[in-house]
Student: 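Have a look at the structure that comes next, please.
Everything quoted here is computed from the prediction, not taken from an experiment. Computed over heavy atoms, backbone and side chain alike; hydrogens, waters and symmetry mates excluded.
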Amino acid sequence: MYSDFLNFKLDMTSALLMEHANAVYRQHWDLDVRGLRVLRLIQACPDITPKEVSSRAFLEKTLLSKTLAQLESRELISRAPHPVDRRSAGLRTTAEGSRIADESSVVGSQLEDQLVCALSPKERVALDGLLSKLMESLLPPS
């Protein structure tokens with residue numbers, strides 16, 4: 001049966017989590033998981049280039065471009081010539097963008113706590129370790 005595949009279960013779990021998180025995030029900040037993920041990444045790495053964001057967030061160029069345009073139009077991020085590589089743009093969060101990134105991280109932690117309440121602490125640690133191991137096995141060698 002198709003639903004017995006691990007990939008199917010992971011995909012369904014991810015879709016359900018994203019749907020729930022998107023509803024919560026949109027209600028608070030009118031942003032989805034992707035937008036907040038990009039915002040938090042830019043906050044954590046001031047002057048990060050769009051190319052680096054794309055690589056780290058696993059977003060294809062067109063989708064990232066739309067996300068960056070949305071964040072920029074809402075004045076949550078700004079672009080400036082990169083301090084080291086003038087051919088590229090460096091991205092930074094604005095004060096409002098940093099505030100939303102911080103607040104959304106707190107809400108994200110609360111959502112994660114709600115999710116894992118179905119697991120024992122030991123199961124939570126095991127799941128985290130197993131998912132990390134699977135992710136690492138799928139990433140290209142560095």
Student: For the backbone of Lys9 and the side chain of Thr13, can you confirm whether one donor and one acceptor N or O come within less than 3.5 Å of each other?
Tutor: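 Indeed, once roles are kept as given, a pair shorter than 3.5 Å links the two residues.
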Student: How many angstroms lie between OG1 in Thr49 and CG in Leu91, if you round to the nearest 0.5 Å?
Tutor: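 Result: 7.5 Å between the selected atoms.
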Student: Treat each ILVMFWY residue as a node, draw an edge where side-chain heavy atoms are under 4.5 Å apart, and state whether Leu119 and Leu134 are in one component.
Tutor: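 In one cluster with Leu119: Leu134, yes.
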Student: Does Ser55 reach the main-chain N or O of Lys51 with its side chain, forming a donor-acceptor pair under 3.5 Å?
Tutor: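 Judged by distance alone, no pair lies under 3.5 Å.
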Student: Heavy atoms only: give me the nearest Val53-Ile42 pair and the separation to one decimal.
Tutor: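 For Val53 versus Ile42, the nearest heavy atoms are CG2-CG1, 4.2 Å.
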Student: Using a 4.5 Å cut-off on heavy atoms from C-beta on, say whether the side chain of Val125 contacts that of Lys122.
Tutor: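 Lys122 vs Val125: side chains apart.
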Student: Report yes if the side chains of Phe58 and Leu139 come closer than 4.5 Å at any heavy-atom pair, otherwise no.
Tutor: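 They are in side-chain contact.
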Student: Roughly how far, to the nearest 0.5 Å, is the CG atom of Leu64 from the NZ atom of Lys61?
Tutor: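 Here the rounded value is 10.0 Å.
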Student: Using a 3.5 Å distance criterion without hydrogens, assess whether the side chain of Ser54 forms a donor-acceptor pair with backbone atoms of Leu59.
Tutor: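 Checking the backbone N and O of Leu59 against the side chain of Ser54, a donor-acceptor pair under 3.5 Å is found.
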Student: Could you tell me whether Arg99 and Glu96 make a salt bridge, using a distance below 4.0 angstrom between a side-chain N and a carboxylate O?
Tutor: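 Yes.
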Student: Mind running side-chain contact (heavy atoms from CB on, under 4.5 Å) on Gln110 and Val107 for me, showing each step along the way?
Tutor: CA-CA 5 Å; Gln110 293 168 346; Val107 172; 4.2 Å; yes
Student: Do the side chain of Asp47 and the main chain of His82 share a donor and acceptor less than 3.5 angstrom apart?
Tutor: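 Not a single qualifying donor-acceptor pair exists.
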Student: OG of Ser65 to CD of Glu72: how many Å apart, nearest 0.5 Å?
Tutor: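 The distance works out to 9.5 Å.
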Student: Heavy atoms, side chains only, cut-off 4.5 Å: are Gln43 and Asp102 in contact?
Tutor: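 The answer is yes; the side chains approach within 4.5 Å.
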Student: Evaluate the side-chain proximity of Leu17 to Leu111: yes if any heavy-atom separation is below 4.5 Å, no if none is.
Tutor: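 The answer is no, as the side chains (C-beta and beyond) never meet within the 4.5 Å cut-off.
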Student: Might you work through the side chain to side chain donor-acceptor pair (under 3.5 Å) test for Thr93 and Ser98, ending with a clear yes or no?
Tutor: CA-CA 6 Å; Thr93 54; Ser98 289; 2.7 Å; yes
Student: Please report the shortest heavy-atom distance between Leu36 and Ile100, naming the atom on each side.
Tutor: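 Scanning both residues, the minimum pair turns out to be CD2-CG2, 3.8 Å.
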Student: What's the shortest heavy-atom distance between Leu39 and Ala101, and which atoms?
Tutor: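 Leu39 and Ala101 have their closest heavy atoms at CD2-N, 3.9 Å.
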Student: For the residue pair Ala21 and Val33, what are the closest heavy atoms and their distance?
Tutor: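 Taking every non-hydrogen atom into account, CB-CG2, 3.6 Å.
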Student: Answer yes if Leu10 and Leu16 sit in the same cluster of Ile, Leu, Val, Met, Phe, Trp and Tyr residues linked by side chain heavy atoms under 4.5 Å apart, and no otherwise.
Tutor: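 No, Leu10 does not connect to Leu16 through the hydrophobic network.
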Student: Are there over 12 heavy-atom neighbours, none belonging to Asp113, within less than 6.0 Å of that residue's CG?
Tutor: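 Counting neighbours around CG of Asp113, more than 12 heavy atoms of other residues, nucleotides or ligands fall under 6.0 Å, so yes.
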Student: Under 4.5 Å between side-chain heavy atoms, hopping through other hydrophobics if needed: is there a path connecting Phe5 to Leu130?
Tutor: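 Cluster IDs for Phe5 and Leu130 differ.
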Student: Are Ile48 and Leu63 linked, directly or through intermediate hydrophobic residues, by side-chain heavy-atom contacts shorter than 4.5 Å (ILVMFWY only)?
Tutor: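 Yes; tracing contacts between hydrophobic side chains, which count when under 4.5 Å, links both residues.
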Student: Is it true that, when you exclude Met12 itself, more than 12 heavy atoms of the residues, nucleotides or ligands shown sit nearer than 6.0 Å to its CE?
Tutor: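 No.
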Student: Do you know the tightest heavy-atom contact between Arg40 and Ser104?
Tutor: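 Reported closest heavy-atom pair: NH2-O, 2.9 Å.
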Student: With a 4.5 Å heavy-atom cut-off, do Leu31 and Arg74 have their side chains touching?
Tutor: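 Side-chain contact under 4.5 Å: yes.
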Student: Mind checking whether His20 and Leu115 have side chains closer than 4.5 Å, heavy atoms only?
Tutor: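 A side-chain contact under 4.5 Å is absent here.
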Student: Could you report the tightest heavy-atom contact between Arg79 and Pro50, atom names first, then the distance?
Tutor: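 Looks like NH1-CG, 4.2 Å.
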Student: Tell me if the CD atom of Glu123 is crowded by more than 12 foreign heavy atoms within 6.0 Å.
Tutor: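 It does: Glu123 CD has more than 12 such atoms within range.
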Student: Taking CD in Glu19 as the centre, count heavy atoms belonging to other residues, nucleotides or ligands within less than 6.0 Å. Is the count above 12?
Tutor: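 At most 12 heavy atoms, drawn from other residues, nucleotides or ligands, come within 6.0 Å of this atom.
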Student: Do Arg34 and Lys66 come within less than 4.5 Å of each other through their side chains, counting heavy atoms only?
Tutor: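 Side-chain contact under 4.5 Å: no.
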